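Since the structure comes first, as structure tokens, the remarks are kept for the end.
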Amino acid sequence: MITKLSPEVYLNPVTGQEAIYYSPKVAIVIWCNHLSTGPIRCLIDTGATFNVFPAEVALAYLGFSKKSLVKKCRKINFGGIGGIIREAYGHLCTIHTPDFRFNNVYIYFMDNQPYPLLGRVGFMDHFDKIVIDETRKNLELFV
Amino acid sequence: MDKEELLRFKEKYQNKWVAISQRTGRVLAFDKDLKKLSTKIKIAPKGYLIEKVLPLNIAFAPLLLV
């Protein structure tokens with residue numbers, strides 16, 4: 001699968017000017033509890049161990065309540081820069097795109113997660129090779 | 001989208017969920033609440049992407065398992 005890198009604007013702290021960088025994002029659909037999300041754009045994050053999604057995705061689309069999200073889940077703690085540790089609730093899901101489908105992968109839903117992340121375990125480990133082609137501004141995923 | 005368009009897009013929709021047409025790139029619907037957006041999008045045409053728009057002053061940091 002080859003897709004275009006997504007242009008993003010950021011504020012350069014040195015110059016104080018806005019600049020563009022290109023971000024590896026893919027749109028996926030998640031199936032869980034016999035329900036599915038719409039196609040959600042997610043960031044492929046090599047620094048993330050697992051797939052981490054905002055809890056509101058599960059609440060809005062996958063039939064979870066705040067109570068059921070915590071029940072019968074795989075609970076783990078995530079830590080980020082700054083030493084903040086937060087609890088995340090893992091559920092077995094299926095990840096779909098037009099080009100591939102991964103069954104029984106854990107997605108960890110977490111409150112206050114700003115953006116859906118696809119991590120090393122449960123997403124990237126399904127591919128033989130992932131290439132960020134900065135010259136062509138392409139993201140290439142090879143199964 | 002060029003830099004100015006991206007900037008305007010970020011400023012207008014920051015901290016909101018948006019549904020973007022895959023064909024035209026136009027914003028079909030938006031809301032701070034994803035559940036409300038999912039209701040709005042049911043009546044929108046097919047072929048859209050949902051995305052959370054982060055504000056300009058947010059930078060990503062990797063998450064690690066502890």
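Protein chains get the first letters and strands the later ones, always in sequence-line order, with residue 1 at the start of each. Quick caveat, the model's predicted, so the values are computed rather than measured.
In this structure, the separation between CD1 on A:I40 and CG on B:L34 is 6.0 Å, given to the nearest 0.5 Å.
By the 6.0 Å contact criterion, NZ on A:K137 is enclosed, its count of non-hydrogen atoms from other residues, nucleotides or ligands being greater than 12. Counting non-hydrogen atoms of neighbouring residues, nucleotides and ligands closer than 6.0 angstrom, the NZ atom of A:K4 exceeds 12 such neighbours. Remark: B:F30 CZ is loosely packed, at most 12 non-hydrogen atoms of other residues, nucleotides or ligands lying under 6.0 Å away.
A donor-acceptor pair under 3.5 Å links the side-chain atoms of B:K3 to the main chain of A:E18, judged by distance alone.
Between A:A60 and B:S38, the shortest heavy-atom distance links the atoms O-OG, 4.1 Å. When every heavy atom of B:Y48 is checked against every heavy atom of A:G38, the shortest pair comes out as OH-CA, 4.3 Å. For B:K32 against A:E56, the heavy-atom pair with the smallest separation is O-OE1, 4.2 Å. Between B:K52 and A:Y115, the shortest heavy-atom contact is O-CE1, 3.0 Å.
Under the 4.5 Å side-chain contact rule for hydrophobic residues, A:V131 and A:V143 do not share a cluster.
Between chain A and the residues B:K36, B:K35, B:E51, B:Q22, the largest count of heavy-atom pairs under 4.5 Å involves B:E51. Taking chain B as the reference chain and counting heavy-atom pairs below 4.5 Å, the highest number among A:V29, A:T37, A:V57 is found for A:V57.
In this structure the side chain of B:K10 reaches within 4.5 angstrom of the side chain of A:E8, judged on heavy atoms. Side-chain atoms of B:L6 and A:I20, non-hydrogen and from C-beta on, do get closer than 4.5 Å to each other. Residues A:Y61 and B:I50 have side chains in contact (heavy-atom distance under 4.5 Å, counting atoms from C-beta outward).
Proximity to chain B is absent for every atom of A:P13, based on heavy atoms less than 4.5 angstrom apart. A:A88 does not touch chain B: none of its heavy atoms, backbone or side chain, sits under 4.5 Å away.
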